[in-house]
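Scroll down for the structure; my scribbles are underneath it.
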Amino acid sequence: VLTGAGISAESGVPTFRDADGLWERHNPMDIATPEAFRRDPALVYRFYNARRTQLARAQPNAAHEALARLQRDFPGEVFLVTQNVDDLHERGGSTQVCHMHGELLAMSCTACERSMRAGGEFDGSSTCPACGASGKLRPDVVWFGEIPYHMDAIEMRLAECDLFVAIGTSGLVYPAAGFVRHALAAGATTVEINSQLSEVTDLFHHQRTGLATAAVSALVDELLQQ
Ligand code: OAD
């Protein structure tokens with residue numbers, strides 16, 4: 001199961017590319033690249049501080065909870081990979097979540113190269129709780145031009161999957177947008193759940209157009225009844 005920003009939209013976490021999405025209000029090249037962080041770290045810290053505050057007010061929705069139910073009750077393995085940096089899958093009850101684009105509630109230190117759980121606010125003078133270096137912490141999220149996390153584990157699961165479900169993702173950002181091709185090559189059935197058709201919709205055997213809360217819950221009910 002691959003999830004994108006659309007699964008968290010009904011929890012009040014804005015998506016990137018919908019009307020009023022994050023990339024409508026900000027140029028991603030000013031925020032989500034290593035160059036942007038070097039050029040204007042204060043802007044990047046402010047952006048991620050605001051997103052952390054917003055996330056603290058959000059609650060997991062029925063779609064997050066349905067996927068947790070699927071992971072718990074399905075008599076086979078369910079591997080969940082998300083492009084989302086929020087923690088709503090975990091708070092919805094999922095115990096295995098692969099965060100390929102990192103996590104909003106983690107920081108990494110460019111001095112000691114450790115990654116750590118860290119909520120709250122950060123700025124250019126924050127010190128690393130692990131090594132004490134000052135001004136070396138960055139959000140532990142994957143920016144444009146960086147390699148997503150856990151690609152080996154993801155590719156291994158794609159090579160052996162028999163059902164691939166993509167939920168709430170526009171299909172515009174690679175490598176995630178290409179996962180459906182790997183799944184097809186492995187002989188999987190592919191299902192897209194989205195409020196509108198994605199850029200890669202033609203690669204899916206089935207489209208379920210609708211809001212994630214209703215459509216994911218319905219799919220999980222069907223899978224658990226089979
Ligand atoms: P996008 O904002 O590109 O796409 C969100 C998708 O969710 C769209 O296709 C919407 O139609 C759909 N959607 C919105 N609300 C929905 C709802 N309630 N139910 C179902 N679908 C809904 O977000 P992503 O595809 O996740 O990367 O974006 C991929 C990556 O681009 C992000 O991880 C981020 C961004 O730049 C980085 O920051 C590296």
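Note that ligands are numbered from 1 as they come in the structure, with each ligand's atoms numbered from 1 the same way. What you see is a predicted model; the values in this text were computed from it and never measured.
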Distance alone, cut at 3.5 Å: any donor-acceptor contact between the side chains of Ser8 and His64? yes

Does Ala9 approach ligand 1 within less than 4.0 angstrom via side chain, backbone, both or neither, non-hydrogen atoms only? side chain

Out of Ala63, Gly102, Ser170, whose heavy atom sits nearest atom 3 (O) of ligand 1? Ser170

Please work out which of the three classes, parallel, tilted or perpendicular, describes the rings of Tyr48 and Trp143, given edges at 30° and 60°. tilted

Are Asp73 and Arg69 within salt-bridge range, i.e. N to O under 4.0 Å? no

Nearest non-hydrogen contact to atom 38 (O) of ligand 1 from the set Val142, Ile193, Thr169, Asn61 belongs to Val142

For Asn84, is at least one N or O under 3.5 Å away from an N or O on ligand 1? no

Please classify the His101 to ligand 1 contact at 4.0 Å (heavy-atom distances, strictly less than): side chain, backbone, both or neither. side chain

For the residue pair Phe164 and Phe204, does the interplanar ring angle fall in the parallel (under 30°), tilted (30 to 60°) or perpendicular (over 60°) class? parallel

Could you work out, for atom 5 (C) of ligand 1, the closest of Gly4, Ser198, Gly168 by heavy-atom distance? Gly168

Answer yes or no: does atom CZ of Arg181 have more than 12 heavy-atom neighbours from other residues, nucleotides or ligands under 6.0 Å? no

Which of the ligand 1 atoms, numbered from 1, are nearer than 4.0 Å to a heavy atom of Ala5: 23 (O), 24 (P), 26 (O)

Note: Arg17-Glu24 ion pair, threshold 4.0 Å (strictly below): no

